[in-house]
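Since the model is a prediction, treat every value here as computed from it, not as a measurement. Throughout, a chain's letter reflects where its sequence line sits, starting with A, and its residues are numbered from 1.
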Amino acid sequence: AQKITQTQPGMFVQEKEAVTLDCTYDTSDQSYGLFWYKQPSSGEMIFLIYQGSYDEQNATEGRYSLNFQKARKSANLVISASQLGDSAMYFCAMREGIGGSNYKLTFGKGTLLTVNP
Amino acid sequence: DTEVTQTPKHLVMGMTNKKSLKCEQHMGHRAMYWYKQKAKKPPELMFVYSYEKLSINESVPSRFSPECPNSSLLNLHLHALQPEDSALYLCASSRLAAGTLYGYTFGSGTRLTVV
């Protein structure tokens, strides 16, 4: 079973509008972290935002916010006021467990976002 | 300094060549990683080093040989690769601390083409 599911292979949004990218996850751990990365065509993976499983408030970083619904196991990324430079692949990822033994970051399949002028 | 630097950015090699990819970070991170990414796919974990020791090998073929000479450097030695090994190779690093979960800082990758 997939641990991270991104159901939107591609999304389109008009410049200056908001867009939500979906992510659901599957884990039996109580402690885990959820991440969103942006990957432009250049290839670099750019960290956007992080949500810990014990965090009570939704994470925000500038125009990025994470809509964390723990009971539904969803961690959707909201980008407000889209810009042309936001066009990229977006990956949701999860890291499970506390301590030094689990280093794996598990990625979803990604959503390709295109911002139209 | 919050960068992970990978060299070279592009590499074309023949199937009989030997080449190396290099990754360097100066953030004091004690975990370093190699990922392989095919076009339009998510990154796939290859190797993990923690405290300069290999801790995870995701059943990677022996034609890929990782090396961690010190806490700042990570190399990936390539020998007798196949055309299907052509991909973007990403290096990443992260902190290690009990009780916390940290994300990775990625480099910009090496685009490898095997001919």
Side-chain angles (χ1 to χ4, degrees), chain A residues 2-6 8-10 23 25 27 29-55 59 61 64 66 75 88-114, chain B residues 2-6 8-11 21 23 27 29-51 53-58 74 86-113:
Chain A
Q2 282 190 350
K3 290 209 168 191
I4 297 285
T5 302
Q6 295 181 253
Q8 307 152 313
C23 173
Y25 60 93
T27 181
D29 281 0
Q30 296 300 309
S31 176
Y32 51 89
L34 296 157
F35 306 83
W36 278 92
Y37 286 87
K38 171 185 177 182
Q39 188 176 40
S41 57
S42 60
E44 184 181 4
M45 293 284 279
I46 302 167
F47 166 75
L48 296 178
I49 197 165
Y50 164 78
Q51 181 83 41
S53 57
Y54 294 119
D55 294 341
E61 290 284 349
Y64 305 107
L66 200 152
M89 182 71 87
Y90 289 80
F91 290 101
C92 180
M94 177 172 65
R95 190 171 180 183
E96 297 170 276
I98 288 181
S101 62
N102 188 325
Y103 311 122
K104 266 192 172 183
L105 198 61
T106 305
F107 288 88
K109 291 186 175 181
T111 295
L112 182 62
L113 177 67
T114 302
Chain B
T2 58
E3 285 188 343
V4 174
T5 304
Q6 287 189 246
K9 293 197 181 303
H10 300 273
L11 178 62
L21 309 185
C23 174
M27 295 176 282
H29 291 174
R30 302 308 297 273
M32 296 187 76
Y33 313 79
W34 281 114
Y35 275 82
K36 173 182 177 179
Q37 186 179 23
K38 302 286 273 186
K40 299 186 180 179
K41 298 288 187 184
E44 297 175 354
L45 183 65
M46 300 174 72
F47 302 104
V48 179
Y49 274 83
S50 69
Y51 299 104
K53 289 188 175 7
L54 183 65
S55 58
I56 295 178
N57 176 343
E58 291 285 286
L74 185 66
S86 298
L88 178 69
Y89 287 84
L90 290 163
C91 174
S93 69
S94 73
R95 294 173 65 181
L96 283 173
T100 54
L101 290 163
Y102 293 98
Y104 296 2
T105 301
F106 283 87
S108 55
T110 294
R111 288 196 187 275
L112 175 67
T113 304

J.: Which region of B:E58, side chain (C-beta onward) or backbone (N, CA, C, O), has a non-hydrogen atom less than 4.5 Å from a non-hydrogen atom of chain A, or is it both or neither?
T.: side chain
J.: Extract all donor-acceptor atom pairs below 3.5 Å that involve side chains of residues 38-46 of chain A and protein atoms in other chains or at least two apart in sequence.
T.:
residue : atom : partner : partner atom : Å
A:K38   : NZ   : A:G85   : O            : 2.8
A:Q39   : OE1  : B:Q37   : NE2          : 2.8
A:Q39   : NE2  : A:G43   : O            : 2.8
A:Q39   : NE2  : B:Q37   : OE1          : 2.7

J.: Does any part of the side chain of A:L105, heavy atoms only, come nearer than 4.5 Å to the side chain of B:Y35, both counted from C-beta?
T.: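 In contact.
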J.: For chain B, find its close neighbours in residues 106-114 of chain A: heavy-atom separation under 4.5 Å, sorted by number, or none.
T.: A:F107, A:G108, A:K109
J.: Once side-chain hydrogen bond (donor to acceptor under 3.5 Å, both in side chains) is applied, do any residues pair with B:K38, and if so which ones, sequence neighbours excluded?
T.: none
J.: Go through the structure and list residues passing side-chain contact (heavy atoms from CB on, under 4.5 Å) with B:S86, not counting sequence neighbours.
T.: B:T113, B:V114
J.: Against chain A, label B:R30 side chain, backbone, both or neither, depending on which of its atoms sit under 4.5 Å from a heavy atom there.
T.: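 Neither; nothing under 4.5 Å.
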J.: In the structure I gave you, are the side-chain heavy atoms of B:Y104 and A:F35 within less than 4.5 Å of one another anywhere?
T.: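 With C-beta onward as the side chain, the pair stays apart.
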J.: Could you pull out the closest heavy-atom pair between A:R95 and B:Y33, with the gap in Å?
T.: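 Heavy-atom minimum between the residues: NH2-OH, 3.8 Å.
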